[in-house]
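Let me begin by presenting the structure, written as structure tokens, before commenting on it.
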Amino acid sequence: MVPFRFEVDGARRLLTVTKHGYWTMATCAAFAETFRTELRRMKAQGGCHYCLVDASDFAVQSAEVAQALLALADSFPADCPGRMAGITGSKLSELQARHGGEAPDRRVFPTRAAAEAWLFSA
């Protein structure tokens, strides 16, 4: 079973990413490749304006995997200039997600409802 899934909502220009489990660097590399492919596909269809990352079942990761995912998130604005909202399953996961620093267009939330409310707010 692949520990990630991508869903595209073209009408809202929303890419929803679901991550779960504990990853190796090989998993992280496969995720990054699939992520970039989905963003290119969305760009050809008008672009990605919002990204919702559901990591509510995503384990706390190794430092190496966490750093690789933060680097991927840092490259995100070039491919999707809108907002990115994350959902975490625990306080420790939230701290790991925030380790890269806060940005006005990226936030972490404890629930999907709160993440979507912020994501689509004016």
Side-chain angles (χ1 to χ4, degrees):
M1 184 161 122
V2 177
F4 53 84
R5 184 180 70 233
F6 294 87
E7 297 173 53
V8 174
D9 179 343
R12 296 194 298 171
R13 299 194 192 284
L14 169 68
L15 177 62
T16 300
V17 181
T18 305
K19 305 186 297 187
H20 57 87
Y22 186 80
W23 291 9
T24 64
M25 285 302 291
T27 308
C28 193
F31 173 79
E33 182 178 330
T34 305
F35 190 36
R36 289 185 185 104
T37 298
E38 290 297 326
L39 287 172
R40 279 194 303 272
R41 187 167 63 101
M42 285 187 79
K43 186 175 185 177
Q45 298 173 2
C48 176
H49 292 186
Y50 306 102
C51 186
L52 178 64
V53 180
D54 185 346
S56 56
D57 289 325
F58 195 48
V60 173
Q61 302 296 311
S62 70
E64 184 179 39
V65 168
Q67 281 303 117
L69 291 173
L70 286 171
L72 181 62
D74 285 344
S75 70
F76 178 74
D79 297 313
C80 186
R83 292 177 165 185
M84 177 188 285
I87 307 163
T88 59
S90 71
K91 192 64 170 171
L92 189 54
S93 293
E94 180 182 337
L95 291 172
Q96 191 172 51
R98 292 178 191 258
H99 182 70
E102 293 286 330
D105 58 347
R106 291 193 309 207
R107 300 265 171 85
V108 178
F109 299 90
T111 67
R112 185 181 189 108
E116 286 185 350
W118 174 80
L119 198 61
F120 297 109
S121 65

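One is the number of the first residue; the rest follow in order along the sequence.
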Nearest non-hydrogen partners of Ala66 and Gln61, listed with the distance: N-CB, 4.3 Å
Closest contact, heavy atoms only, Ala115 versus Gly86: CB-O, 4.5 Å
Side chains of Thr24 and Thr27, donor plus acceptor under 3.5 Å: yes
Approximate separation, where rounding is to 0.5 Å, of Lys19 NZ and Asp57 CG: 12.5 Å
Residue pairs fulfilling salt bridge (charged side-chain N to carboxylate O under 4.0 Å, His left out) with at least one residue in residues 24-39, sequence neighbours excluded: Glu38-Arg41
Check: Arg112 side chain, Ile87 main-chain N or O, donor-acceptor pair, under 3.5 Å: no
Cluster link Tyr22 to Val53, ILVMFWY, side chain under 4.5 Å: no
Backbone of Ala73 reached by a side-chain donor or acceptor of Arg106 within 3.5 Å: yes
For Arg5, all residues meeting side chain to side chain contact (heavy atoms under 4.5 Å, CB included), sequence neighbours excluded: Glu7, Thr18
Could you list the donor-acceptor pairs under 3.5 angstrom formed by side chains in residues 42-49, with sequence neighbours left out?
none

Those residues that, when tested against Arg12, pass salt bridge (Lys or Arg N to Asp or Glu O under 4.0 Å) (two or more places apart): Asp9
Non-neighbouring partners of Phe6 that pass ring-ring contact (aromatic ring centres under 6.0 Å, His included), sequence neighbours left out: Phe4, Phe31, Phe35
Leu69/Trp23 under side chain to side chain contact (heavy atoms under 4.5 Å, CB included): CA gap, chis, key distance, verdict: CA-CA 11 Å; Leu69 291 173; Trp23 291 9; 3.9 Å; yes
Partners meeting salt bridge (Lys or Arg N to Asp or Glu O under 4.0 Å) with Glu64 (sequence neighbours left out): none
Closest non-hydrogen atom pair between Leu14 and Phe120, with its separation: CD2-CZ, 4.1 Å
Distance-minimising heavy-atom pair for Cys51 and Val17: SG-CG2, 4.0 Å
Test item: Glu116 side-chain N/O and Ala114 main-chain N/O as donor-acceptor pair under 3.5 Å: no
